[in-house]
Structure formats: structure tokens, C-alpha cells
Amino acid sequence: MKVVYLPSIIYFRGGRVRAMDYIVINGQKTLKGKVNISGAKNAAVAILPAALASDGVCVIDNLPQIEDVLGMIAAMRSMGVKCEFRDNHTLIVDAREINGQVLDERLTKKMRASYYFMGALLGRYKHAEVPLPGGCDLGLRPIDYHLKGFAALGATCIQEHGVVKLSAEKLTGANIYLDCPSVGATINIMMAAVFADGVTLIENAAKEPHVVDAASFLNKIGAKINGAGTSAIRITGVPSLRGGEYTVLPDPIEAGTYMIAAAITNGDVVVENIIPKHMDSVTAKLKEMGCTITEGGDWIHVCGNNHLRSCDIKTAFYPGFPTDLQPQMATLLCRAQGTSTITENVFEQRFRYIQEIKRLGAQIKVDGRMAVTKGACVFTGAEVTALDLRAGAALVIAGLCAKGETVIGGVSHLDRGYENFEEKFRSLGADIKRIKRDE
Ligand code: UD1
């Protein structure tokens, strides 16, 4: 089949138009081999601003080379923070002298994690001006818990022209209850509370591995945080943070994406450099579907099955099934025998990708927060667009098992969160390539 690649076009405010890269996949290749998992995006983008709050030099290792990380570094450099790569994955951050606590919208609008500059700058400098965050469009993504937390610590929060302006004479420890265990609010409040006088208790805190990783990094450089990984985090304020070295944890979402890709191609893949415990919810569901899974100290071996069984998934906060793997898992469930249900409990609009996987042949219906698959669909290649990061991963997974050629636009979303994904998939035997488009 000869595919004519239509230009994928983005309209910028100034009217500038840019054509973007495409991914082309020739599907139905069985994935086999080993894949090394990179550092976790969501931990890295929290640890970088935390390093900005340090009075010393921080060395951060196992940083993934992805657009969100590079975007955070660009934002830090714009404030005068010295950031130098020692090698591709190790960054030296020197924030001893910075030239302001004001961030430009052009540097923050693509990334959700830019909100972490609020907690880091407010904590260390008692002042921050940070535009409202960008990131994937998954419906309303308010930051009211973050702001309520900062206010409880004694900060004044004003929102003007899309910018959050935070200031305080001093911060004082407080008891803060989160209405739901928001990852972003937990880490952001924790970063500000590190510098508050006295003790802060965050109740109903998020327990995700990257919350623990951010707390471990902060403790390594002098913070006093107890209880990260439980629903009650206790922070005793300190006057300043020193420098230190830290290695970012492996990415559970990247690992889960490769596990699901192995399952959908009836593959035989060892996912390496991971913490298998972080994958429990995914492992359980893949086993329920009929995959054979074995695990060791830092790896999981996934063998697919030609007759995958249906199952139901419900996204939840950690240790529940992660919403960031919901699109990939739903794609796999489309291939299983029988009906499966997918309930999205974290984000109100995380089914927008379904219109695109339907173009590849998925038989799936959405009703509110639930999607229902009819099962055993045969994906066939088509031209589709990644509407957000994990939606893009779902399309790659569908393309890997589709008959013929799948052409995926909107690749910049994938580049935000997956390091070298074409090379990694190619090394497993996938026929996948990127077609570069000049700006
Ligand atoms: C983070 C992750 C994202 C993941 C999500 C859930 C980062 C950079 N992003 O996003 O990849 O999908 O956790 O695991 O780590 N909420 C409010 N008010 C708030 C904050 C959150 O109502 O102030 C709601 C949200 O709308 C959502 C839920 O709480 O329904 C969870 O959001 P949260 O955990 O904060 O997600 P993010 O930090 O946006």
C-alpha cells in the first residue's frame, strides 16, 4: 500500500505553521529480546526543580533524554541555573546563584510538571511567578490543592493573566488534607514545606513511586521527610538544602508500555532495569489475560499468548492500575477474546484516543467514564494522530500488531515522555521508523 503522508500541522498563536515528524510502523512483527528502561519521567521532572531549591551542587543521574526533561532544564536555565550534562543521562545542577523567580509561559506551557517550580521557588525564595501548567489535555486539571496547600503554609497566592504569583514573609508548618491523593499537589506542597518553620503533615498524600523518589532526593540533600509512600507525609522544616548525588528511579510507565507491547505481539520480551514491585498491577492484569510472566530482582519477562482473555480494569491511585497505562491496556484488551471494561477514575477525559484507535479497527464504545471492548478485533494500518503522550503510546502498540502500515502523527507527544522509543522497539524486532519533517 502506498501511503501519501499528509502534513500534520500545528498553528501557533503568532500564526506560525510547523510540519511534524511521523512514525511509520509495518505491523505484525513479534517482539523478542531485551529492553532497558530509562529513568522515570515523572520523577525526573520533580527532582529537577527540587535541585533548584538546593544551596549546593546536585548531580542527577539516570535522567531520561525526553522533551519534558529538556523543557524543565530550559526553564531552569532561563532563571540562571547552571545545568551541564556530564553525559547523556547525568546532569550537574548548580542553582547557587539565580537571577529571578519568574518563568516565561513559552517555557512552561507544554509541561504539566512546570507547576513544581511553584513549590521549589516559594520554599527557597518565598516568591514565585509561574504560568499555569500545560501538558496532556485530559479534561480539567485544576491545581487548587497545590494552591490551598501553599496558602496553608502562609503564602499569598494571586492568579493574574494566567500566571500564579506566590509570596510569603515566611512559611509555617501546617496540617494539610488533600481531597484526593494528587501526585502533583503532594510533591509541590512537600517541596515548599521543606523550608517551612516547624512540622507539616500532608494527609491523604499520593503514594506513587515518584513521590517517594522526590522525597528520597530531598532527604539526600538535607530535607527531613518521613512517610513518603504512605498516605501521611511528615515534613520537618530545614533552613536550607545542600548538594548531593542522586539516581532517578526507572520509569514504571515506560516499563508497562513495553510489557503491553510484548503481550499484543505475542512476543517474548525481558524488560530490564526496573523495580518489579512497581509493576504489580500491570503484571496481575497481564497474567489474568493469559500472559506468562516471570520476574527477578530488576527485570520482568513477558511472554504473550495468541488467545488473550478479556478482563476488566479500573484506574486508581498507586498501587492501583495507573491511568497513564490505561490507553495502552485498553488497546491490548481490544485484541482479547470477549468483552472487557475499562473504568477511568482519575481523569475525566482520558478516552479521546479511542476515536483514533477505532480508525485502526478497534471495537470499543465509551459511556462516560467507562469503555467497553467487543474483543478480538483485527487492527489494520491507517493514518492516525497521537492526541497526547499515552494516547501516542497506545497507537504505537496498536500499530505493532496491525496488518499493513500505520502512520502516526503528533509524534512530539511521544517525544515528551519516551526516550529513543523507535530504537528500542526496533531492537526488539519491530519495523518502525521516523520520517523527519523540517520546521
Ligand atoms: C500526575 C502525573 C501524570 C499522571 C497523574 C495521575 C506528573 C508530572 N504527572 O499528574 O502523568 O497521569 O499524576 O497519576 O507527575 N486534582 C484536582 N486538584 C488539584 C490536583 C489534582 O482536582 O489541585 C485532580 C485532578 O483533576 C485529577 C486527580 O486529582 O482528577 C489526580 O491528579 P494528579 O495526581 O494531581 O495528577 P497530575 O499531577 O496532574
Side-chain angles (χ1 to χ4, degrees), residues 39-50 64 66-69 71-72 75 108-120 130 132-152 157 159 164 176-192 202 204-215 231 248-249 251-254 256-257 278 281-282 314-329 343-353 369 388-394 413-414 416-418:
K41 165 179 122 33
N42 286 347
V45 295
I47 287 169
L48 286 169
I66 52 175
E67 287 302 320
D68 270 16
V69 161
M72 293 300 278
T108 58
K109 70 179 174 191
K110 282 190 188 159
M111 300 167 300
R112 183 81 187 148
S114 56
Y115 52 36
Y116 289 134
F117 288 117
M118 295 178 196
V130 181
L132 286 164
C136 294
D137 180 4
L138 311 175
L140 283 179
R141 295 180 79 179
I143 56 162
D144 52 326
Y145 306 159
H146 305 230
L147 302 185
K148 274 192 221 163
F150 297 146
C157 310
Q159 210 171 295
V164 177
I176 297 166
Y177 172 81
L178 300 180
D179 290 338
C180 87
S182 152
V183 168
T186 302
I187 296 178
N188 226 346
I189 295 167
M190 193 166 78
M191 287 206 277
I202 307 177
N204 199 26
K207 301 179 207 159
E208 268 71 359
H210 42 290
V211 174
V212 180
D213 214 37
S231 57
V248 176
L249 95 161
D251 197 325
I253 305 301
E254 189 197 14
T257 302
H278 291 165
S281 61
V282 184
K314 293 180 180 176
T315 65
F317 298 103
Y318 189 81
F321 192 91
T323 175
D324 284 356
L325 285 173
Q326 181 261 103
Q328 300 90 315
M329 194 67 179
T343 311
E344 174 54 56
N345 291 314
V346 179
F347 291 113
E348 51 183 9
Q349 278 177 37
R350 203 164 200 171
F351 284 133
R352 290 191 320 141
Y353 67 92
R369 291 232 173 188
D388 64 60
L389 169 57
R390 309 304 172 185
H413 288 296
L414 281 150
R416 284 186 38 225
Y418 288 95

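Counting convention: from 1, in listed order, for ligands and their atoms alike.
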Margin query: Suppose I only count heavy atoms of Ile143 and a 4.0 Å limit; which atoms of ligand 1 are within that range?
Written below: 19 (C), 23 (O)
Check: Does ligand 1 have a heavy atom under 4.0 Å from the side chain of Val183, from its backbone, from both, or from neither?
Finding: both
Next item on the list: Have a look at Leu147, Val211, Asp324 and point out the one with the heavy atom closest to atom 12 (O) of ligand 1.
Entry: Asp324
Checklist line | Element-labelled atoms of ligand 1 that are located less than 4.0 Å from some non-hydrogen atom of Gly184 | finding: 35 (O), 38 (O)
Notebook entry, point to check: Is the shortest distance from a Lys or Arg side-chain nitrogen in Asp68 or Arg416 to a carboxylate oxygen in the other one below 4.0 Å?
Noted result: yes
Next item on the list: Indicate yes or no: does an N/O atom of Tyr115 lie under 3.5 Å from an N/O atom of ligand 1?
Entry: yes
Check: Which distance, rounded to the nearest 0.5 Å, do you find between the CD of Gln159 and the CD1 of Ile143?
Finding: 6.5 Å
Margin query: Could you measure the distance from the CE atom of Met191 to the CZ atom of Phe117? Nearest 0.5 Å is fine.
Written below: 8.5 Å
Margin query: I want to know if ligand 1 touches Lys41 in the polar sense, i.e. an N/O pair below 3.5 angstrom.
Written below: no
Check: With atoms numbered from 1 as shown, which atoms in ligand 1 lie under 4.0 angstrom from a non-hydrogen atom of Val346?
Finding: 27 (C), 30 (O), 31 (C)
Check: Under 4.0 angstrom from ligand 1, any heavy atom of Pro142?
Finding: yes
Next item on the list: Report yes if Val45 has an N/O atom closer than 3.5 Å to an N/O atom of ligand 1; otherwise report no.
Entry: no
Notebook entry, point to check: Looking at ligand 1, does any of its N/O atoms fall within less than 3.5 Å of an N/O of Cys180?
Noted result: no
Check: Counting heavy atoms only, which of Asp179, Asn42, Asp68 is nearest atom 7 (C) of ligand 1?
Finding: Asn42
Notebook entry, point to check: When you look for heavy atoms under 4.0 Å from ligand 1, do you find them on the side chain of Asp144, its backbone, both, or neither?
Noted result: both
Note to self: I'd like to know whether ligand 1 has Tyr318 as a neighbour, heavy-atom separation below 4.0 Å.
What the structure shows: no
Checklist line | Distance, nearest 0.5 Å, that separates CD1 of Ile189 from NZ of Lys148 | finding: 10.0 Å
Checklist line | With Tyr115 via ring pair (Phe, Tyr, Trp, His ring centres under 6.0 Å) - residues at least two apart | finding: His146
Next item on the list: Measure the spacing between CD1 of Ile202 and CG of Leu178 and express it to the nearest 0.5 Å.
Entry: 6.5 Å
Notebook entry, point to check: What pairs with Ser281 under side chain to side chain donor-acceptor pair (under 3.5 Å), at least two apart in sequence or on another chain?
Noted result: none
Check: Side chains of Phe321 and Lys314: closer than 4.5 Å at any heavy-atom pair?
Finding: no
Next item on the list: Could you grab the distance from atom CE of Met72 to atom OH of Tyr116, nearest 0.5 Å is fine?
Entry: 8.5 Å
Margin query: With a heavy-atom distance limit of 4.0 Å, tell me whether Arg350 approaches ligand 1 through its side chain, its backbone, both, or neither.
Written below: side chain
